[in-house]
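Reviewing the structure listed below.
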Amino acid sequence: MSLDKPYKDVPGTTVFDADMSRQGYHLNQFCMSLMKAENRARFKANERAYLDEWPMSEEQKQAVLARDLNRCIALGGNIYFLAKIGATDGKSFQQMAGSMTGMTEEQYREMMVGGGRSVEGNRYTEEKK
Amino acid sequence: MARITGSVYTSHVPAIGAALDLGKAAEPYWQAVFKGYEYSKQWLRDHKPDVIFLVYNDHANAFSLDIIPTFAIGTAPEFTPADEGWGPRPVPKVIGHPKLAAHIAQSVIQDDFDLTIVNKMDVDHGLTVPLSLMCGQPQAWPCPVIPFAVNVVQYPAPSGRRCYMLGKAIRKAVDSFDEPLNVQIWGTGGMSHQLQGPRAGLINKEFDTAFLDRLIGDPDGLSTMPHIEYVREAGSEGIELVMWLIARGAMDDVNGGKAPTVRHRFYHVPASNTAVGHLILENN
């Protein structure tokens with residue numbers, strides 16, 4: 001018997017469950033280290049060298065270097081941890097969230113001011129096809 | 001005897017804190033949010049509690065992935081605002097109430113809710129933004145605060161039902177505390193929002209409106225809503241709303257007393273990525 005995961009068919013959404021958390025442990029703990037100012041400075045000085053101090057997969061390191069948050073999430077990253085990379089880069093939470101949607105920063109901001117993304121057509125993956 | 005006199009519900013969007021801290025509160029975008037709390041600030045001055053029991057979630061600040069407590073009660077004498085990566089918020093430190101917190105921990109654990117007891121932790125925007133919204137920018141917060149952190153970061157969060165029943169146990173614990181304290185319980189987080197993936201930016205006003213209606217009139221029924229409905233309808237981060245059920249479960253009407261008075265209700269979209277919802281319920 002496997003666990004029931006009814007959230008697998010929510011489009012454009014990765015639920016950070018125990019399995020994702022297991023895969024993303026070192027990626028997320030790396031992010032957590034950026035809460036300290038001295039670590040932020042060391043990371044900014046040489047990102048690759050700083051990442052190499054962590055037992056992360058090469059794919060995870062490449063996703064961080066590219067600031068590809070969707071990829072980071074697919075590899076076990078959690079948005080609240082990934083936000084520390086955004087903070088290090090001087091990005092707001094809205095800029096980070098918007099970067100995952102394929103919209104420009106301006107388009108995303110306007111969508112939010114206009115009431116946000118509608119749930120209609122966004123409940124099930126089959127609706128998106 | 002201590003008594004729960006009322007409950008407050010509010011979103012805790014970090015950008016609201018940033019808008020206050022960076023002096024942007026007068027901008028029209030933020031005025032639309034803050035005007036919904038003008039009544040609330042006056043209400044809190046007129047109904048100053050002795051202690052606030054503040055239910056919130058930590059956002060990867062006090063707790064990393066090393067330890068993930070489902071329910072954590074802060075029993076320390078004080079709590080420092082966390083550096084979440086942008087530097088700590090310039091807000092007063094949070095003074096705790098170790099005696100009441102320890103009493104509540106002992107009581108609810110004996111009622112089968114296995115809390116984690118935390119004697120040292122920093123508190124993030126989940127806790128300080130609601131205080132800012134309700135108190136403005138004072139030199140010190142108006143009273144001691146007991147931080148109560150709920151895991152909603154790693155799925156699954158506790159169920160709505162579990163949260164609601166925990167609220168009842170907290171209420172029983174407060175009732176059995178031998179000092180005449182006026183205690184408010186606050187439930188924070190939500191409303192609909194999603195911060196990740198191509199579906200980021202999701203807002204569901206119909207869901208949020210129905211949630212507010214049912215929280216007031218049918219909390220028992222609302223508490224049975226499954227996680228998947230929060231995720232699908234209110235966004236992956238909308239699941240924070242289960243925390244509101246802890247505060248609701250502590251009110252008189254669901255513990256054999258009278259229905260509460262709805263003192264205030266407010267809803268606005270957006271604050272950054274999020275729908276802002278707010279309620280004040282007073283016991284009679």
Side-chain angles (χ1 to χ4, degrees), chain A residues 5-7 9-18 20-21 24-26 28-29 31-37 40 69-70 73-74 77-88 90 92-94 96-103 108-109 111-119 122-124, chain B residues 13-15 18 29 32 57-66 68 82-88 122 124-126 152-156 192-207 226-239 269-275:
Chain A
K5 295 187 174 180
Y7 44 85
D9 68 347
V10 180
T13 303
T14 305
V15 169
F16 185 70
D17 61 12
M20 295 308 293
S21 179
Y25 177 72
H26 293 295
N28 290 313
Q29 295 299 82
C31 294
M32 199 79 191
S33 75
L34 299 177
M35 284 173 71
K36 291 201 169 98
R40 293 196 284 269
L69 296 185
N70 280 324
I73 285 173
N78 170 273
I79 188 58
Y80 293 119
F81 290 84
L82 297 171
K84 315 296 182 197
I85 303 175
T88 302
S92 72
F93 229 110
Q94 186 169 75
M96 283 183 268
S99 80
M100 289 178 271
T101 62
M103 304 169 88
Y108 183 82
R109 190 165 56 235
M111 176 181 78
M112 294 318 300
V113 170
R117 183 185 308 283
S118 172
V119 74
N122 279 311
R123 289 185 173 93
Y124 295 90
Chain B
V13 187
Y29 182 98
N57 68 285
D58 179 71
H59 306 75
N61 291 305
F63 302 115
S64 70
L65 290 186
D66 282 342
I68 306 167
D83 179 350
E84 306 184 28
W86 289 269
D122 289 349
D124 75 5
H125 70 266
V152 295
V153 170
Q154 179 170 320
Y155 191 94
S192 59
H193 66 305
Q194 175 153 338
L195 303 175
Q196 50 108 354
R199 203 172 76 133
L202 186 99
I203 297 287
N204 189 341
K205 185 178 178 182
E206 289 69 32
F207 175 95
H227 281 143
I228 183 61
E229 198 168 330
Y230 289 94
V231 174
R232 208 182 294 288
E233 298 292 330
S236 49
E237 280 64 56
I239 205 158
V269 178
S272 186
N273 305 289
T274 306

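Quick note on labels: first sequence line is chain A, next is B, and so on, each numbered from 1. Bear in mind that the values here come from a model prediction, so they are computed numbers and not experimental data.
- Proximity to chain A is absent for every atom of F207(B), based on heavy atoms less than 4.5 angstrom apart.
- Residues Y25(A) and D66(B) have side chains that bring a donor and an acceptor to within less than 3.5 angstrom of each other.
- Under the 4.0 Å criterion applied to side-chain N and carboxylate O atoms, K36(A) and D83(B) are not assigned as salt-bridge partners.
- Taking chain A as the reference chain and counting heavy-atom pairs below 4.5 Å, the highest number among N204(B), L195(B), I239(B) is found for L195(B).
- Looking at Y108(A) and N273(B), their side chains come closer than 4.5 Å, going by heavy atoms from C-beta outward.
- The backbone N or O of R123(A) sits less than 3.5 Å from a side-chain atom of R232(B), completing a donor-acceptor pair.
- No donor-acceptor pair closer than 3.5 Å links the side chain of E84(B) to the backbone N or O of M35(A).
- Of all the heavy atoms in A97(A) and A200(B), the pair that sits closest is O-CB, 3.8 Å.
- Of all non-hydrogen atoms in W86(B) and A83(A), the two that sit nearest each other are CH2-O, 4.0 Å.
- With a 4.5 angstrom heavy-atom cutoff, M112(A) touches chain B via backbone and side-chain atoms both.
- For a residue to count as touching a neighbouring chain, one of its non-hydrogen atoms must lie under 4.5 Å from one of that chain's; by this rule S99(A) does not touch chain B.
- At a threshold of 4.5 Å between non-hydrogen side-chain atoms, the residues V113(A) and Y29(B) count as touching.
- Ranked by heavy-atom pairs shorter than 4.5 Å toward chain A, the options S236(B), S64(B), S192(B), P226(B) are led by S64(B).
- Annotation: the span from Q194(B) atom CD to T13(A) atom OG1 amounts to 3.5 Å, rounded to 0.5 Å.
- In terms of modelled atom types and a separation under 3.5 Å, the side chain of Q196(B) and the main chain of I79(A) share no donor-acceptor contact.
- When E237(B), K205(B), H227(B) are compared by the number of non-hydrogen pairs under 4.5 Å with chain A, E237(B) comes out ahead.
- Closest approach of P198(B) and N70(A) over heavy atoms only: CD-OD1, 3.8 Å.
- The nearest pair of heavy atoms linking I228(B) to Y7(A) is CD1-CA, 3.5 Å.
- In this structure, the portion of F63(B) lying under 4.5 Å from any heavy atom of chain A is its backbone and not its side chain.
- Between chain B and the options T88(A), N78(A), D9(A), L34(A), heavy-atom pairs under 4.5 Å are most frequent for D9(A).
- Between chain A and the residues E206(B), H193(B), R199(B), the largest count of heavy-atom pairs under 4.5 Å involves R199(B).
- Contacts with chain B were tallied for P6(A), S92(A), G86(A), P11(A); P6(A) has the most, counting heavy-atom pairs under 4.5 Å.
- Taking all atoms of both residues into account, the shortest heavy-atom contact from M32(A) to N61(B) is CE-O, 3.4 Å.
- Only the side chain of M96(A) comes within contact range of chain B, judged by heavy atoms closer than 4.5 Å.
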* Would Y80(A) and D58(B) satisfy side chain to side chain donor-acceptor pair (under 3.5 Å), going step by step from the backbone distance to the final call? -> CA-CA 10 Å; Y80(A) 293 119; D58(B) 179 71; over 6 Å; no

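- Comparing T101(A), L82(A), I73(A) by heavy-atom pairs within less than 4.5 Å of chain B, the highest count is held by T101(A).
- Taking every heavy atom of both residues into account, G115(A) and I203(B) meet most closely at O-CB, 3.3 Å.
- Neither the backbone nor the side chain of L69(A) has a heavy atom closer than 4.5 Å to any heavy atom of chain B.
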